[in-house]
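Here's the structure we're looking at; comments come further down.
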Amino acid sequence: MPFPPIDEQLAIIRRGVEKIVPENELAAKLTKSRDTNTPLRVKYGIDPTGIDVHLGHTVPLRKIRQFQELGHQAVIIIGNYTALVGDPSGRDHARAKRLTADEVEANAQDYLAQVGKVIDLSKAEVHRNGDWFAKMSFADILHLCGKVTIAQLLTRDDFAKRMAAESPIFLHECLYPIMQAWDSVVIKSDIELGGTEQLYSFMLARDLQADAKISQQIGVMSPILVGLDGVRRMGKSLGNYIGISESPFDMMKKFMQVPDGVMRMYFELLTDIPLGEIDTLMAGHPKTAKTTLACAVIGQYHSAAEADAAANRWQQEVGEGALPTDIPTVKLSRSKLVENKAQAARLLVDTGLVSTTSEARRAIAQGGAYFGESKTRLETHDQLITVETGLLLFVGKKKFCRVELLD
RNA sequence: GGGGGAAUUCCAGAGCGGCCAAAUGGGCCAGACUGUAAAUCUGGUGGCACAGCCUUCGGAGGUUCGAAUCCUCCUUCCCCCA
């Protein structure tokens with residue numbers, strides 16, 4: 001099967017990519033690959049530290065997928081050995097927690113299952129870098145370290161910053177980029193994918209490859225995907241992410257809350273919609289564009305039909321204020337009632353919609369609490385509400401429940 | 001080893017003997033507006049039997065009518081000197 005023309009390949013590869021280093025070697029590599037009908041080996045490494053894969057992770061993963069579709073060879077490196085060190089990238093301090101080998105392997109399996117939703121695992125090579133690092137002797141390690149100078153290491157941004165700030169840099173952390181680079185030598189990568197913060201390791205890999213007299217890899221770096229807040233990078237700890245395992249409706253709700261400003265980036269990095277078409281969409285009504293974006297992404301992890309259904313449901317429940325489809329039922333003991341009635345504030349607490357009486361009082365005082373099918377506003381905290389099974393209660397737009405009375 | 005700082009309510013950060021449940025900003029919550037975007041405006045953001053009461057300002061004691069604010073010890077973190 002012949003590879004597509006170089007221009008076509010370049011257009012696909014360059015989409016949504018922030019930096020290619022060195023840029024000028026890419027075309028040459030592709031040309032040689034095509035002429036000799038040899039797929040390029042495209043490396044992507046991760047540390048199995050327990051990852052709930054979200055859209056931010058899918059950016060480089062999707063790039064691998066694109067390489068696969070162009071006929072190239074995906075090579076996934078599970079950093080089961082490097083995980084023992086901890087990636088110093090983007091950290092001001094050394095990582096504290098150390099994982100056990102078992103945890104690492106369980107994480108790796110879990111990770112691969114998720115990754116399979118984006119790339120074609122059946123056609124990918126998967127390696128664990130412990131396969132080669134575990135076999136190295138101390139002499140081997142010394143030999144490897146002999147190829148890298150401290151001065152070189154210190155050119156790395158993270159380390160330079162830490163040096164300046166006089167915060168500790170542990171010796172084993174210095175080894176991290178060396179190990180990552182050595183992976184590239186072992187698997188003979190032609191391309192390595194990752195975020196822009198990986199530049200140093202990517203370049204070190206080139207040095208080591210040159211030293212080993214094999215072809216040097218090219219770094220293809222994706223930008224950092226911003227999260228739902230439109231400012232900070234998408235990440236689990238920041239709570240501003242969309243996980244690829246979430247339900248279509250949950251994803252839809254999150255997408256619709258994304259600031260308009262990030263739409264173009266999302267379109268470019270998370271969908272295959274042609275750039276020209278994106279321009280057209282962006283020129284139209286933002287809400288339409290956002291819905292299209294959401295459906296395009298959701299459709300990758302669920303069916304197109306499910307994505308559409310989620311969009312419709314969103315329009316009805318959120319856009320038009322219809323009652324939510326799935327309202328959780330909360331069991332309430334009849335003993336909480338006096339002659340079938342309960343005080344409004346008490347009721348909100350007893351049903352768990354709010355956690356304290358004070359919170360309930362606030363919600364009511366501010367007009368943020370409602371009851372019944374017609375969403376009647378609760379007026380006072382001591383207002384008596386007649387409670388029966390099926391009664392609906394709301395606090396704000398996101399919290400609601402249906403009461404079920406128990407004897 | 002010696003010296004000097006700092007620990008405040010989700011975060012940052014005021015407060016330095018009563019007017020402190022504790023300024024201000026951020027975040028978050030609710031309301032208005034809207035495309036549940038952004039921006040903007042309003043209110044709120046310890047608890048409770050809520051016009052009052054109770055528990056908070058690293059921990060333990062102490063001084064005082066009264067302490068987040070003063071003293072002692074402890075814990076943790078930071079900085080400087082050698």
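Letters go in sequence order (proteins before strands), and every chain restarts at 1.
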Report task. Indicate whether the side chain of Gln315(A) and that of Lys287(A) have a donor and an acceptor atom separated by less than 3.5 Å. Result -> yes

Query raised in the report: Does the Asn240(A) side chain pair with the main chain of Asp229(A), one donor and one acceptor, at a distance under 3.5 Å?
Result: no

Query raised in the report: What interatomic distance, in whole Å, is found between P of A60(B) and the corresponding atom of U69(B)?
Result: 13 Å

Report task. Check whether any side-chain nitrogen or oxygen of Arg346(A) sits under 4.0 Å from OP1 or OP2 of A49(B), and answer yes or no. Result -> yes

Query raised in the report: Rounded to whole angstrom units, what separation is found between the CG atom of Leu348(A) and the C1' atom of C50(B)?
Result: 16 Å

Query raised in the report: Given A49(B), is OP1 or OP2 found less than 4.0 Å from the side-chain N or O atoms of Thr357(A)?
Result: yes

**Report entry** Spacing of Leu281(A) atom CG relative to A37(B) atom C1', expressed in whole Å
**Finding:** 16 Å

**Report entry** Candidates G35(B), C29(B), G47(B) - which lies nearest the side chain of Pro286(A)
**Finding:** G35(B)

Requested in this report: Determine, for Glu23(A) against Arg14(A), whether the closest basic-nitrogen to carboxylate-oxygen distance falls under 4.0 angstrom.
Outcome: yes

Query raised in the report: Does any nucleotide pair with G1(B) by Watson-Crick or G-U wobble geometry, both distances under 3.5 Å, and what is it?
Result: C81(B)

Query raised in the report: For the pair made of CE in Met282(A) and C1' in A38(B), what is the distance, rounded to whole Å?
Result: 13 Å

Requested in this report: Between C29(B) and C20(B), how far apart are the C1' atoms? Round to whole Å, please.
Outcome: 24 Å

Query raised in the report: Closest nucleotide of RNA chain B for Tyr370(A) versus for Lys287(A): which of these residues is on the 5' side?
Result: Tyr370(A)

Query - Any donor-acceptor N/O pair, Arg377(A) side chain to Gly367(A) backbone, under 3.5 Å - result: yes

Query raised in the report: For atom P, what is the distance between G13(B) and A68(B), given to the nearest Å?
Result: 22 Å

Query raised in the report: What distance, rounded to whole Å, do you find between the two P atoms, one in U40(B) and one in C16(B)?
Result: 32 Å

Query - Selected nucleotide, minimal atom distance to Thr356(A) side chain, candidates C50(B), G31(B), C48(B) - result: C48(B)

**Report entry** Integer angstrom distance from the C1' of A23(B) to that of G5(B)
**Finding:** 24 Å

**Report entry** Distance, rounded to the nearest Å, where Lys397(A) contributes NZ and C29(B) contributes C1'
**Finding:** 11 Å

**Report entry** Distance between P atoms of A14(B) and G1(B) (Å, rounded)
**Finding:** 32 Å

Report summary line: Quick note, Lys290(A) side chain, CB onward, closest among A37(B), G31(B), C48(B) is A37(B)

Query - C1'-based separation of G59(B) from G44(B) [nearest Å] - result: 33 Å

Query - Pair assignment for A68(B), Watson-Crick or G-U wobble, requiring both distances under 3.5 Å - result: none

Query raised in the report: Gln366(A) side chain: which of C50(B), C48(B), A30(B) is closest?
Result: A30(B)

**Report entry** Nearest-angstrom distance, P atom, G35(B) to C28(B)
**Finding:** 22 Å

Query raised in the report: Atom CG of Asp229(A) to atom P of A37(B): distance rounded to whole Å?
Result: 15 Å

Requested in this report: Find the distance Trp314(A):CH2 to U34(B):C1' and express it as a whole number of Å.
Outcome: 11 Å

Report task. Look at the side chain of His285(A) and decide which nucleotide, out of A38(B), G35(B), A30(B), has an atom nearest to it. Result -> G35(B)

Report task. Would you indicate whether the side-chain heavy atoms of Trp132(A) and Tyr81(A) approach each other to under 4.5 Å? Result -> no

Query - Side chain to side chain, Val297(A) and Thr58(A), heavy atoms closer than 4.5 Å - result: no

Report summary line: Of the listed G35(B), A37(B), C48(B), the closest approach to the Ser358(A) side chain comes from C48(B)

Query raised in the report: With both distances under 3.5 Å as the test, what is the Watson-Crick or G-U wobble partner of A51(B)?
Result: none

Report task. Measure from CE on Met263(A) to C1' on A38(B) and round the result to the nearest Å. Result -> 11 Å

Query raised in the report: Atom NE2 of His381(A) to atom C1' of G47(B): distance rounded to whole Å?
Result: 15 Å

Report summary line: For C41(B), the nucleotide meeting Watson-Crick or G-U wobble distances (both under 3.5 Å) is G31(B)

Report summary line: Considering only heavy side-chain atoms of Arg362(A), the closest of G47(B), C50(B), A38(B) is G47(B)

Query - Backbone of Pro274(A) reached by a side-chain donor or acceptor of Glu277(A) within 3.5 Å - result: no

Report summary line: Answer for the Watson-Crick or wobble partner of G17(B), both distances under 3.5 Å, is none

